[in-house]
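I have placed the structure first, in the form of structure tokens, so that the comments after it can refer back to it.
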Amino acid sequence: MSFSSYVEQLRSEGQAKFPSNANTAEFARELDSQDPIRHLRDEFILPTKASLKKKALDGTLPDGSKLNGINGHANGTSAASSTDDANVSSTGIYFCGNSLGPQPKALRRYLNAQLETWGSIGVGGHFQNLETSPLACWQDLAEDCAIKSAAIVGAKPEEVVIMNTLTANLHLLMASFYRPTEKRHKIILEWRPFPSDYGRINKNDIRPVWEGTNKSNKYAIESQIQWHNLDPSKSMITIQPDANFYISTDLILRTIDEHADETALILLPGIQYYSGQLFDIERITAHAQSKGIVVGWDLAHAAGNVELRLHDWNVDFAAWCTYKYQNAGPGSIAGAFVHERHGAVERGEYPEGKATYRPRLSGWYGGDKSVRFNMDNKFLPTAGAGGYQVSNPSAIDLASLLAALSVFEKTDMATLRSKSLVLTAYAELLLDGIIADSLSGGDGEEQALRVITPRDPSERGTQLSVLLRDGLLDKVSASLTEEGILCDKRKPGVIRVAPVPMYCTFDDVWRFMNALRKALA
Ligand SMILES: *Cc1c(COP(=O)(O)O)cnc(C)c1O
């Protein structure tokens, strides 16, 4: 069996038949040797066991390179390759791309280009770019980012805008797409209020503890409703997961039907951040729209993780951040999608004619580039998602995103997803081994862990959420950190394991599972 046949099995049957020797370093390394995008790991600076212990700046990076200007170190470029054998053991395991992706090596070149451009030609950088720079002039950067991001989310370039941050974009989009009337005023979202002790499913099950999901969106939606002088207790409809943290498509469709005539908007996450569940975006979108409801998606955990076809699925609008699966850095500039149906602008003759377009909150950067700087007070809205821009975006932020997108340009989402399917299925197989062994102890103790992410690969991305028995999290977490492993912990009891195909290996998964087994012992 080969890497590509596992991809084939997972895509067609939803399951891979791994051999009996799968839980060996040799098997993991054999899969790595067949991985067509294994070279992409070298595009990233991955923390090492040693660098994770760093307490003060010393002008070095874990890949052996030195940074200019800090502690007077001279210029230097990348020294060792992270796939060198000697380095493999000391390289940490980076399984938290669902929280913050690692630093792309390209970032320094892109940021240096901005520093040199700004320093050398000052304000001229708005309309001029220096030869050999990897970047366009500042005025064209956001559009360049939009073109490159469109391929990641399955949109036309003019349906994407790069601006602001995720929650700010949700607000701007809701300002345009949530237009409550007396009859249609409800917003449907997913949310479970605070931890509830709602019992065990059976003796061996771990008590499900839900910490309240998706706070950021709940607050944003609640405030939109209040801002329209409406009452959240009447206008906010929450869909709650079952005791297995699962929200079935049927439940979503039933909720839509139940509130169809009174609902203005449904806003759901593409992937639920806690359970890792991937929703059937196409089916839910079509169903809600058939009832006259506007459909928006929060793709924080989906963009750059799974294959999306926002245009073909006829999604009304969507928004995502770029610091998780897109690796553009902490708090990096975000993306938004507005379907071309909604971005159209009917222009009168400039400068006298009046333009008609979908109502939104506007700013001068939503004005057409060709006349934006004619200070004649004639607003000519940009057609497409770009019209939703309000301000001059940070060129430094855009340069970071472009550096991160340059790695995506070396591959495509289908290739990334193919590897991701195998990588996550392999992680699941090894996790199931740990669960089986912990049960065979037969001492009547509660099960130590279980996977709460859907078992069907078409209902998840890279992430597997592992729910630990009460009281285990701190111990397991300390032990993983000691091994140089970065993965995300959510109190009170979940670790979210995200082997991201762009920079993680099968060997990482194998080593991680050994460390987890040790941590649980
Ligand atoms: C990461 C994440 C956010 C982050 O929002 P910001 O505006 O970038 O702070 C919001 N919603 C969800 C579901 C997320 O996972």
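Whatever order the structure lists them in is the order used to number ligands and atoms, beginning at 1. Quick note: residue numbers are just sequence positions, from 1.
Taking only nitrogen or oxygen atoms, main chain and side chain alike, H301 reaches within less than 3.5 Å of ligand 1.
Closest heavy-atom approach to atom 6 (P) of ligand 1 within the set Y274, Y273, Y323: this belongs to Y323.
Applying the 4.0 Å criterion to heavy atoms of K324 picks out, from ligand 1, the atoms 1 (C), 2 (C), 3 (C), 14 (C), 15 (O). Interface of T167 with ligand 1, defined as ligand atoms under 4.0 Å from a residue heavy atom, comprises 5 (O), 6 (P), 7 (O). The ligand atoms of ligand 1 that sit less than 4.0 angstrom from a heavy atom of N217 are 11 (N). For ligand 1, the atoms lying closer than 4.0 Å to a non-hydrogen atom of A300 are 2 (C), 12 (C), 14 (C), 15 (O). Listed by atom number, the atoms of ligand 1 under 4.0 Å from D298 heavy atoms are 11 (N), 12 (C), 13 (C).
Ring geometry for Y94 against Y503 counts as perpendicular: the plane angle is over 60°, on a 0 to 90° scale with 30° as the lower cut. In this structure, H301 and Y273 have tilted ring planes: the angle between them lies in the 30° to 60° band.
Between D508 and R41, at least one side-chain N (NZ, or NE/NH1/NH2) sits under 4.0 Å from a carboxylate O, which counts as a salt bridge. Between K489 and D474 there is no salt bridge, since none of the side-chain N atoms of the basic residue sits less than 4.0 Å from a carboxylate O of the acidic one. For the pair R455 and E428, the salt-bridge criterion is met [side-chain N within less than 4.0 Å of a carboxylate O]. For the pair D456 and R460, the salt-bridge criterion is not met [side-chain N within less than 4.0 Å of a carboxylate O].
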